[in-house]
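Here the structure is laid out as structure tokens; the discussion comes afterwards.
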There are 2 protein chains.
Amino acid sequence: MRSYAEYCAIAKSLDVVGDRWTLLIVRELALRGACRYTDLRNGLPGIASNLLAERLRDLEGAGVVVREEAPPPVATTLFRLTPRGEELRPVLDDLMRWGLPLMADQAPDDAIRSHWLAAALELMLTDLQPDESPVTVELRTGDQPIAIELGDGAIEIKLGPVESPDAILAGPPRSVLGLLVGMLELADAEAQGVSFEGDPAVLRRFYGAGTRISRTVA
Amino acid sequence: MRSYAEYCAIAKSLDVVGDRWTLLIVRELALRGACRYTDLRNGLPGIASNLLAERLRDLEGAGVVVREEAPPPVATTLFRLTPRGEELRPVLDDLMRWGLPLMADQAPDDAIRSHWLAAALELMLTDLQPDESPVTVELRTGDQPIAIELGDGAIEIKLGPVESPDAILAGPPRSVLGLLVGMLELADAEAQGVSFEGDPAVLRRFYGAGTRISRTVA
DNA sequence: CTGGATCCGCCGCGATACTG
DNA sequence: CAGTATCGCGGCGGATCCAG
């Protein structure tokens with residue numbers, strides 16, 4: 001993209017990361033750590049291969065990304081954020097926070113990746129009953145399961161299955177999120193295709209976290 | 001721009017504000033408050049008129065901007081951020097912070113507006129000697145003077161001239177910023193075309209604020 | 001199979017002219 | 001003052017091809 005040619009910090013930032021796809025590439029590296037070219041393609045459905053290569057070159061030139069050759073036996077090239085690139089996390093966090101209300105509209109052709117959902121949940125969820133016993137929930141939505149672990153007032157969200165979950169939640173992402181966040185009652189969520197196994201009381205641990213979001217939606 | 005078609009909060013944010021020029025329009029409204037179409041053109045040098053009109057329509061449709069008809073005698077249309085638009089300020093702040101090191105390179109054809117500089121200074125400057133007596137400085141760089149008022153440990157930065165400043169600083173923006181931020185000694189700044197009137201001790205009030213920035217520059 | 005490069009069609013953007 | 005109209009170009013999308 002052409003430079004804005006403005007002596008302004010915001011414009012100069014956008015000169016670096018304002019191109020189409022660029023911030024989403026940074027998002028992938030921030031959420032998933034070092035990635036192979038193929039991993040990035042998978043996390044950026046629809047990107048043209050030449051664009052991904054070009055953006056990675058540009059980001060490398062700007063000092064945001066480094067390319068490193070993994071040693072044998074893997075022997076593949078990895079892309080990783082530099083410290084300067086890591087400093088973009090606040091920008092990503094704010095953009096994610098601002099975009100949370102927009103998760104209310106899930107377009108039929110929206111691609112879905114569980115690590116995007118996990119990042120959103122990390123911003124939204126709080127344990128409303130931190131004194132209760134620890135609880136684990138497995139989410140089955142997106143391209144891989146998500147593990148939620150409540151305990152000691154903290155919430156941990158990881159990718160991957162849960163050993164013996166106290167509850168299992170499956171269904172369309174929008175409805176699963178809506179239920180967790182308290183915008184949807186269990187009955188409504190189930191009407192939208194959500195299946196819930198376990199003790200419904202577990203959901204109360206999250207309820208209300210979403211009222212703050214709901215208020216944001218115009 | 002085409003939608004990214006990803007069920008991800010960041011991607012959905014960028015679907016709204018990721019177009020070229022869009023965030024800079026929001027910047028203008030955030031920094032200067034309600035603006036006329038002409039004010040926006042002035043604050044966005046180089047933007048095509050049709051693009052500005054189209055972006056404003058889009059932003060209005062997204063609930064980020066409202067158009068309001070000013071009552072007579074002015075009788076002009078004003079554009080203003082909605083509350084939802086105001087919530088983009090954290091994004092702008094982080095982008096500005098991330099871009100501060102890039103202010104080190106001022107391209108010859110970079111447009112300059114004092115309100116961009118004022119915003120950057122607001123992020124960078126701290127009063128290192130809050131117990132000293134109040135001090136006012138007038139900056140003459142960009143398209144209008146900038147007033148800096150130190151007192152009670154707080155810094156106020158406004159646009160416009162200062163009544164009877166304790167110091168006057170004029171010259172190229174990069175050097176004026178560099179001096180204030182402590183990356184440049186007075187002698188070096190003067191060699192770069194900065195003129196300084198007043199007590200040089202005033203500069204010590206700011207010195208060091210920029211070491212944090214300097215460290216950021218790779 | 002990974003990590004690209006190349007080509008082409010198209011649309012978003014840039015620049016300028018024009019208008020109620 | 002607040003836009004609309006037009007046209008040319010370059011960035012992007014989509015597909016295919018290629019080297020290690």
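Nothing here was measured: the structure is a model prediction, and the numbers come from that model. Proteins get letters first, then strands, A, B, ... in listed order; numbering begins at 1 in each.
No side-chain heavy atom of A:Tyr7 sits less than 4.5 Å from a side-chain heavy atom of B:Arg113. A heavy-atom distance below 4.5 Å is not found between the side chains of B:Glu60 and B:Phe79.
Distances shown here put a side-chain N or O of B:Arg55 below 4.0 Å from the OP1 or OP2 atom of C:dC13. At C:dC11, none of the side-chain N or O atoms of A:Arg20 fall inside 4.0 Å of OP1 or OP2 (strictly under the cut-off). Between B:Thr76 and D:dC1 there is no side-chain polar atom (N or O) within less than 4.0 angstrom of OP1 or OP2. Contact check, B:Arg57 against D:dA2: no side-chain N or O comes under 4.0 Å of OP1 or OP2.
Between B:Trp21 atom CH2 and C:dC13 atom P the separation is 11 Å, expressed in whole Å. Taking atom CG of A:Asp58 as the reference point, atom C1' of D:dC12 lies 14 Å away to the nearest angstrom. With rounding to whole Å, B:Tyr4 atom OH is found 13 Å from C:dG12 atom C1'. Following rounding to the nearest Å, B:Glu54 (CD) and D:dG3 (P) show an atom-to-atom distance of 13 Å. If you take CG of B:Leu78 and P of D:dG3, they are 11 Å apart, rounded to a whole angstrom. Following rounding to the nearest Å, A:Phe79 (CZ) and C:dT2 (P) show an atom-to-atom distance of 13 Å. In this structure, A:Leu44 places its CG atom 14 Å from P of C:dG3, rounding to the nearest Å. A straight line from CD of A:Glu69 to C1' of C:dG3 spans 10 Å, rounded to a whole angstrom.
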Please step through side chain to side chain donor-acceptor pair (under 3.5 Å) for the pair A:Glu28 and A:His115, ending with a clear verdict. CA-CA 9 Å; A:Glu28 285 302 303; A:His115 63 281; 3.0 Å; yes

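Of the two residues near DNA chain C, A:Arg2 and A:Ala53, the one whose nearest nucleotide lies more 5' is A:Ala53. Toward the 5' end of DNA chain D, the nearer of the two residues A:Gly46 and A:Met1, judged by each one's closest nucleotide, is A:Met1.
More than 12 heavy atoms of other residues, nucleotides or ligands sit less than 6.0 Å from atom CD of B:Glu69.
Judged purely by distance below 3.5 Å, without hydrogens or angles, the side chains of B:Trp21 and B:Glu54 never pair a donor atom with an acceptor atom.
Although no hydrogens or angles enter the test, the distance criterion places a donor-acceptor pair under 3.5 Å between the side chain of A:Arg174 and the main chain of A:Ala104.
With a 6.0 Å cutoff to the six-membered ring centre and a 45° limit on the axis angle, B:Arg89 does not count as a cation-pi contact of A:Trp98. Relative to the six-membered ring of A:Tyr4, B:Arg20 meets both conditions, a distance below 6.0 Å and an angle of at most 45° to the axis.
For the helix from C:dC1-D:dG20 to C:dG20-D:dC1, the rotation axes defined at the first and last 5 base pairs enclose an angle of 30°, given to the nearest 10°.
If you check every strand for non-hydrogen atoms under 4.0 Å, A:Ala48 touches a base. Contacts of A:Ser49 with the nucleic acid, taken as non-hydrogen atoms under 4.0 Å apart, include base atoms.
With D:dG13, D:dT4, C:dG3 as the choices, the nucleotide that has an atom nearest any side-chain atom of A:Arg36 turns out to be C:dG3. When each of C:dG14, D:dG3, C:dG4 is scored by its nearest atom to the side-chain atoms of B:Asn50, the top-ranked nucleotide is C:dG14.
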